[in-house]
Amino acid sequence: AQFMKCTRHLKENAQRNLLAKNVPEKPRSRVLSALFWSTGLLYSFSRVEYLEHELGIKQELREFGRYLEDKLLPTI
């Protein structure tokens with residue numbers, strides 16, 4: 001069974017995981033902004049725009065590669 005997750009729960013889960021990994025506030029904020037702000041990945045209007053955002057996020061936030069690839073991006 002698949003579950004749809006709301007934006008609020010996705011963001012809270014990401015925030016909780018980043019805090020648990022002791023990610024400092026500034027980089028944590030960068031990750032959350034890149035994904036959840038109005039110009040972030042979550043608000044892409046097309047598959048092409050989503051893939052462009054995803055690529056940019058992966059390049060900009062390399063230090064979070066495993067977490068982004070394995071945990072967060074697959075849920076969005």
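The first residue in the sequence is number 1, and the count goes up from there. Excluded from the calculations below are hydrogen atoms, water molecules and symmetry mates; all remaining heavy atoms, backbone and side chain alike, are included.
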Could you go through residues 50-58 and list every donor-acceptor pair under 3.5 Å that involves a side-chain atom there, pairing it with any protein atom two or more places apart or in another chain?
{"from": "H53", "atom 1": "ND1", "to": "S44", "atom 2": "OG", "distance (Å)": "3.0"}
{"from": "H53", "atom 1": "NE2", "to": "T39", "atom 2": "O", "distance (Å)": "3.4"}
{"from": "K58", "atom 1": "NZ", "to": "E69", "atom 2": "OE2", "distance (Å)": "3.0"}

Contacts of type side-chain hydrogen bond (donor to acceptor under 3.5 Å, both in side chains), residue S33, not counting sequence neighbours:
W37

Closest contact, heavy atoms only, F36 versus Y43
O-CE1, 3.2 Å

Can you list the residues that meet the side chain to side chain contact (heavy atoms under 4.5 Å, CB included) rule with S38, with sequence neighbours excluded?
none

Does L35 reach the side chain of L41, with side-chain heavy atoms less than 4.5 Å apart?
yes

Could you go through residues 7-15 and list every donor-acceptor pair under 3.5 Å that involves a side-chain atom there, pairing it with any protein atom two or more places apart or in another chain?
{"from": "R8", "atom 1": "NE", "to": "E12", "atom 2": "OE2", "distance (Å)": "3.1"}
{"from": "N13", "atom 1": "OD1", "to": "N17", "atom 2": "ND2", "distance (Å)": "3.3"}

Enumerate donor-acceptor pairs with a distance under 3.5 Å from any side-chain N or O in residues 18-31 to protein atoms, sequence neighbours excluded.
{"from": "R28", "atom 1": "NH1", "to": "V23", "atom 2": "O", "distance (Å)": "2.8"}
{"from": "R30", "atom 1": "NH2", "to": "E60", "atom 2": "O", "distance (Å)": "3.2"}

With sequence neighbours left out, what residues match R47 under side-chain hydrogen bond (donor to acceptor under 3.5 Å, both in side chains)?
none

